Amino acid sequence: MQKNKRPKPAAFHTRLQRWYDAQGRHDLPWRNTDDPYKIYVSEVMLQQTQVETVRTRFYTPFLKRFPTLSELAAASEQEVLSLWQGLGYYRRAGHLHAAAKQCGGKLPKTAEGLMQLPGIGRNTAHAIAAFAYHHPVAVMEANVKRVLCRIFAMPNPSESELWGKAEMLLNRAAPFDYNQAMMDLGAMICTRRAPKCGECPASSICEGKGNPESYPQAKVKKKVPVRKRNILVQVDDRGKFSVTPRSTKFLQGLYHFTEQDTPAPKHAKKIGEIEQSYSHFTLQAEVWLVKSRKKNAYSLAQLQKLPMSMAEKKILRLLAPHGTKRA
């Protein structure tokens, strides 16, 4: 195919559909429901999280506890965050909960309406519209972006350019299968490294197949900063610990111990160190036990039931020998 020549979508659609029928991931639970709420939950969970992690650990337990949008709206923030523990990017859970409260038990039926809800951007709105309502809109998550960059040989396209190509190539007659197939194509064939171009149903229209790993152009990874902190675990004479829910956007609503960048008090007792990596920094912290007279303290057993980040969970393991001891 000559560069800049428009692909012939009809022939590509046929090949893609055949490939998807034979090779697609049809067993994913969110592909076997027409319930907009269940599809919505899956799309939010799948943002920046691997499919297998969502499928095997989080999707079913979450829906078992909150089977409908109304039941999610009626739950407390603490209940929602507890079911989200370990999935990361906790703002997603907050947005999901807020959206459930906002839409009165029923999701909007258009992409435009969906985008009015907290935490739903264009891609998530299009995914719900295409998969729940079969609207002819393109989905463009990370795997699809890579496929489009290679088909059109675009090393560094803008979001606008990508959306334009996505809409151009869309099979409007079968948006559910087409969009699922494009995601599977990127996940299974048109992979970031060592793509299987010989097996690809897009091979005849792909401008980038001669050097596929050049598309898209690799981004220079930024060095992730390290934050060194002291974490103070305040314990009272009963062996109970003080924690508070975070009010910041980062890890909002999750309970945490006191964190500071100043030295620990002289009377504090060091009980260990933790390290936790986040998307934009790595936390390295020394953990200290200090005496406290604060109210609203929790036993170790009670702490283990509260929604906490992975860093706090690591601290709980350090606290196990101190749960009934005085500082």
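The structure presented is a predicted model; accordingly, all values stated were derived computationally and were not measured. Each residue takes its place number in the sequence, starting with 1.
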Short side-chain to backbone donor-acceptor contact, Glu286 and Ile231, under 3.5 Å: no
Stepwise salt bridge (Lys or Arg N to Asp or Glu O under 4.0 Å) check, Glu159 with Lys145: CA-CA 9 Å; Glu159 286 291 305; Lys145 286 183 180 181; 3.0 Å; yes
Cation over ring face, Lys240 and Tyr298, 6.0 Å, 45°: no
Main-chain N/O of Glu52 paired to Thr56 side chain as donor or acceptor, under 3.5 Å: yes
Any Phe152 side-chain heavy atom under 4.5 Å of Met168 side chain: yes
Closest approach of Leu114 to Ala129 (non-hydrogen atoms, all atoms of both residues): CD1-N, 4.2 Å
Validation row: Gln260, Leu232 side chains within 4.5 angstrom (heavy atoms): yes
Sole residue of Trp163, Tyr178, Phe131 in ring-ring contact (aromatic ring centres under 6.0 Å, His included) with His126: Trp163
Output field: ring centroids Phe250/His280 closer than 6.0 Å: yes
His97 side-chain N/O to Ala93 backbone N/O, donor-acceptor pair under 3.5 Å: no
Residue pairs involving residues 174-194 (criterion salt bridge (Lys or Arg N to Asp or Glu O under 4.0 Å); sequence neighbours excluded): Arg25-Asp184, Arg31-Asp184, Arg193-Glu213
Chi angles and distances behind the side-chain contact (heavy atoms from CB on, under 4.5 Å) call for Leu319, Leu289: CA-CA 9 Å; Leu319 286 178; Leu289 207 59; 3.8 Å; yes
Side chain to side chain, Pro175 and Val137, heavy atoms closer than 4.5 Å: no
Side-chain heavy atoms of Leu96 within contact of Leu72, under 4.5 Å: yes
Pairwise side-chain contact, Cys197 with Pro212, heavy-atom cut-off 4.5 Å (strictly under): yes
Minimum heavy-atom distance between Leu170 and Pro136, given as atom pair plus value: CD2-O, 3.4 Å
Gln252/Arg246 under side-chain contact (heavy atoms from CB on, under 4.5 Å): CA gap, chis, key distance, verdict: CA-CA 5 Å; Gln252 186 172 15; Arg246 292 182 187 268; 5.6 Å; no
Charged tip of Arg150 within 45° of Tyr215 ring normal and under 6.0 Å: no
Rounded distance (nearest 0.5 Å) linking atom CD of Glu312 with atom CD1 of Ile274: 7.0 Å
Donor + acceptor pair across side chains of Gln304, Lys313 (<3.5 Å): no
Taking every non-hydrogen atom, the tightest pair across Cys200 and Ile189: CB-CG2, 3.8 Å
Lys/Arg-Asp/Glu bridge criterion (N-O < 4.0 Å) met for Glu141, Arg146: no
Flag if over 12 foreign heavy atoms under 6.0 Å of CG, Asp34: no
Candidate pair Glu167 and Arg172, rule salt bridge (Lys or Arg N to Asp or Glu O under 4.0 Å), full reasoning: CA-CA 9 Å; Glu167 294 293 343; Arg172 297 180 182 278; 3.4 Å; yes
Spatial distance of atom NE2 (His135) from atom CG (Asn179) [nearest 0.5 Å]: 13.0 Å
Nearest-0.5 Å distance, CZ of residue Phe257 to CE of residue Met308: 4.5 Å
Residue Lys270 excluded, over 12 heavy atoms near NZ under 6.0 Å: yes
Near-ring test Tyr37/Tyr40, centroid separation under 6.0 angstrom: no
Donor-acceptor pair between Thr282 and Glu275 side chains, under 3.5 angstrom: no
Atom pair OG1 (Thr244) and CG (Leu254), whose distance is rounded to the nearest 0.5 Å: 11.5 Å
Aromatic plane relationship, His134 with Phe176 - under 30° parallel, 30 to 60° tilted, over 60° perpendicular: parallel
Atom pair OG/CG of Ser309 and Leu81 - distance to nearest 0.5 Å: 11.5 Å
Shortest non-hydrogen contact between Leu148 and Leu162, atoms and distance: CD1-O, 3.9 Å
side-chain contact (heavy atoms from CB on, under 4.5 Å) assessment of Gln284 paired with Val226: CA-CA 7 Å; Gln284 293 179 350; Val226 174; 3.5 Å; yes
Pairs satisfying side chain to side chain donor-acceptor pair (under 3.5 Å), at least one member in residues 58-77, at least two apart: Arg65-Glu79, Thr68-Glu71, Ser76-Glu79
Gln50 atom CD: more than 12 heavy-atom contacts under 6.0 Å: no
Thr49 side chain to Leu46 backbone, donor-acceptor under 3.5 Å: no
Least distance between heavy atoms, Tyr133 atom then Pro108 atom: OH-O, 3.2 Å
From CD1 (Ile315) to CD (Gln276), nearest 0.5 Å: 10.0 Å
Residues Glu43, Arg92: salt bridge by 4.0 Å N-O rule: no
Side-chain donor or acceptor of Asn32 paired with backbone N/O of His26 under 3.5 Å: yes
Chi angles and distances behind the side-chain contact (heavy atoms from CB on, under 4.5 Å) call for Lys314, Arg317: CA-CA 5 Å; Lys314 291 177 180 178; Arg317 290 195 285 271; 3.2 Å; yes
Minimal non-hydrogen separation, Leu306 against Ser82, with atom names: C-OG, 4.5 Å
